[in-house]
Participant: 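Structure in structure tokens, see below.
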Protein chains: 4
Amino acid sequence: MAGVNKVILVGNLGADPEVKYLEGDNTVANLRMATTEAYKNRNGERVEQTEWHDLEMWGAQAKIAEQYLKKGSQIYVEGKIKTDIWQDEQGQNRYRTKIRVLSFTMLGAKPDGAGNQNTAQQAPQQRPASAAPTSAPKAQEMVTDTEDDDLPF
Amino acid sequence: MAGVNKVILVGNLGADPEVKYLEGDNTVANLRMATTEAYKNRNGERVEQTEWHDLEMWGAQAKIAEQYLKKGSQIYVEGKIKTDIWQDEQGQNRYRTKIRVLSFTMLGAKPDGAGNQNTAQQAPQQRPASAAPTSAPKAQEMVTDTEDDDLPF
Amino acid sequence: MAGVNKVILVGNLGADPEVKYLEGDNTVANLRMATTEAYKNRNGERVEQTEWHDLEMWGAQAKIAEQYLKKGSQIYVEGKIKTDIWQDEQGQNRYRTKIRVLSFTMLGAKPDGAGNQNTAQQAPQQRPASAAPTSAPKAQEMVTDTEDDDLPF
Amino acid sequence: MAGVNKVILVGNLGADPEVKYLEGDNTVANLRMATTEAYKNRNGERVEQTEWHDLEMWGAQAKIAEQYLKKGSQIYVEGKIKTDIWQDEQGQNRYRTKIRVLSFTMLGAKPDGAGNQNTAQQAPQQRPASAAPTSAPKAQEMVTDTEDDDLPF
DNA sequence: TTTT
DNA sequence: TTTT
């Protein structure tokens with residue numbers, strides 16, 4: 001049966017994206033993103049709670065992230081949860097959960113010389129990874145994942 | 001700047017899908033869907049509130065809806081809000097808001113002879129509208145919109 | 001049965017909020033919000049499509065909107081779809097769909113003298129409508145609906 | 001600034017809920033939930049990918065889960081991502097990510113003798129944890145978290 | 001009517 | 001007009 005595995009985040013990057021260029025012309029970007037919640041506790045004191053998320057982007061999307069996003073950038077992210085499980089040397093299960101980003105968009109602050117908010121999604125038909133540089137999406141537009149199904153993730 | 005316009009619904013169809021075959025080999029399906037909320041009011045009485053939604057599906061997705069969905073079907077829907085505005089004979093603005101479905105999946109009850117729950121999405125690369133019947137998604141899978149950008153909607 | 005009726009929007013206000021103070025110490029705010037999508041059509045031309053949404057906020061949330069939001073403000077909104085239906089003088093059904101906001105948060109640009117981004121939600125336990133001004137949420141925090149069930153909406 | 005940390009899942013439970021009654025009249029339920037995605041790979045073969053999620057529910061919600069949910073139950077879940085980090089005996093960072101459920105609802109198949117679909121949410125004002133048994137939400141309704149802010153999670 |  |  002079909003399931004739904006959807007994550008929606010709004011928050012800020014804790015560091016610049018880390019981008020790796022892999023063999024076979026593939027690119028992956030890893031980002032750390034904070035989402036902060038504020039509320040008043042029983043004593044009426046303001047409490048802030050920050051959750052950190054590991055984001056993973058692939059292909060053209062990763063390159064756009066490298067180009068437009070940096071530490072502090074506020075973004076909207078849509079993706080899905082993926083948990084890696086493996087065994088360490090002691091034979092114990094180890095877990096690491098990340099968000100596979102399907103689309104993102106920059107919020108708020110204008111990029112350096114550029115316009116205002118950016119959105120970078122992985123919108124298949126609309127912005128092919130093979131698109132010429134001039135037609136490439138900017139972070140101000142929704143940047144959608146353009147990857148195929150057989151990539152190693 | 002990039003925006004987000006996202007709708008997520010879980011509910012039941014009030015009637016069978018209405019499907020129209022248009023010229024140019026295009027298909028559109030219109031569905032009425034109810035989402036029901038239940039809560040207790042100040043007097044502790046249980047109150048039910050039902051909201052009705054007009055759904056619109058195109059192309060292969062519309063055909064899957066016609067084939068698998070019917071009055072009473074429980075579905076999960078993801079889409080976006082679209083409001084049509086026009087002027088009536090009196091020159092007054094008239095409004096009609098519908099949900100342009102981007103993906104859907106059948107929930108719960110198994111279709112007649114078939115497997116378990118269905119999901120029908122509009123997943124571009126994965127399930128092309130041109131796919132052979134045997135490889136067509138069923139309502140038990142996520143059915144995603146496969147339409148192009150230049151269609152009349 | 002329980003349904004889901006959820007809307008998530010990111011966009012900008014087309015005008016300042018319109019706030020009405022009703023009898024019985026109730027407040028309602030109406031806002032117009034644009035969500036813009038950009039994509040390339042078949043000819044490779046960039047096309048922009050803007051959808052306009054009618055937002056409705058109540059109570060403390062409405063007051064926060066009045067205080068912090070204005071024309072151009074970029075916000076994240078979570079809410080549900082509500083369609084009003086009535087008959088006009090000709091006896092024809094008239095429809096108007098709005099988004100009943102359950103929580104919102106300001107994005108991007110800092111409010112005038114204030115801190116950073118704002119989020120205003122309707123978070124019941126956390127920020128009661130009866131909270132003293134000093135403990136009131138700002139638009140930089142998530143502002144959640146605090147209303148009761150028996151209000152006229 | 002205010003952030004958004006939202007998860008939406010539709011899937012099935014891999015086992016009955018595990019419920020623990022804690023001191024101080026607190027209850028916690030842990031559930032394993034699968035979300036399955038199906039797509040065709042480059043060779044046109046149908047591929048299924050299942051992701052497993054650790055859900056955590058508290059208070060009245062946990063009790064409703066214990067009462068109505070079991071292995072195989074199909075549910076809709078809304079929550080937020082929470083990652084626990086600690087150091088193991090080797091001084092290495094260990095991670096475990098779970099979904100703190102804010103609301104859920106049962107989908108599809110009717111519970112044994114009961115009505116149809118269930119939704120169990122954590123809707124504060126509407127269905128207080130202190131509500132009498134007869135007014136308690138069933139899994140067919142949206143079951144919302146009723147917990148306070150100072151609980152240990 | 002917003003924003004880029 | 002669905003569903004419970």
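These values consider heavy atoms only, across backbone and side chains, with no hydrogens, waters or symmetry-generated copies. Sequence lines set the chain letters: A, B, ... in the order given, protein chains first and strands last, and positions in each chain run from 1.
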Participant: Can you tell me how far P of dT2(E) sits from CD of Gln49(C), to the nearest Å?
Facilitator: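 So the two atoms are 18 Å apart, to the nearest Å.
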Participant: Return the value, rounded to whole Å, for the distance between atom CD of Glu18(B) and atom C1' of dT2(F).
Facilitator: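 After rounding, the gap between these two atoms is 15 Å.
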Participant: I need the CG-P distance between Leu13(C) and dT3(E), as an integer number of Å.
Facilitator: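 Rounding to the nearest Å, CG of Leu13(C) and P of dT3(E) are 10 Å apart.
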Participant: Glu37(C) and salt bridge (Lys or Arg N to Asp or Glu O under 4.0 Å): which partner among Lys80(B), Arg100(B), Lys82(B)?
Facilitator: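 Of the listed options, the one satisfying the test is Lys80(B).
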Participant: How close or far is atom C1' of dT2(E) from atom CG of Leu69(C), stated in whole angstroms?
Facilitator: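 Taking atom C1' of dT2(E) as the reference, CG of Leu69(C) is at 13 Å.
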Participant: Could you check how far CE of Met33(B) sits from P of dT3(F), rounded to whole Å?
Facilitator: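 Computing the Met33(B):CE to dT3(F):P distance gives 13 Å.
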Participant: If I compare all heavy atoms of Ser73(A) with all of Tyr68(A), which pair ends up nearest, and what's the gap?
Facilitator: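 The answer is OG-O, 4.4 Å.
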Participant: dT2(F) base to Thr50(B) side chain: any donor-acceptor pair below 3.5 Å?
Facilitator: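 For Thr50(B), whose side chain was compared with the base of dT2(F), there is a donor-acceptor pair (under 3.5 Å).
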Participant: How far apart are the closest heavy atoms of Met33(B) and Val10(B), and which atoms are they?
Facilitator: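 The pair with the smallest heavy-atom distance is CE-C, 3.6 Å.
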Participant: For the pair made of CG in Leu55(B) and C1' in dT2(F), what is the distance, rounded to whole Å?
Facilitator: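 Rounded to the whole Å, the gap is 12 Å.
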Participant: Of the non-hydrogen atoms in His53(B) and Thr35(B), which two are nearest, and what is the gap between them?
Facilitator: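 Here His53(B) and Thr35(B) meet closest at NE2-OG1, 2.9 Å.
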Participant: Rounded to whole angstrom units, what separation is found between the CG atom of Asn12(C) and the C1' atom of dT2(E)?
Facilitator: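 In whole Å, dT2(E) C1' and Asn12(C) CG are 5 Å from each other.
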Participant: Please report the distance, rounded to the nearest Å, between CD in Glu37(B) and C1' in dT3(F).
Facilitator: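 One finds 14 Å between C1' of dT3(F) and CD of Glu37(B), rounded.
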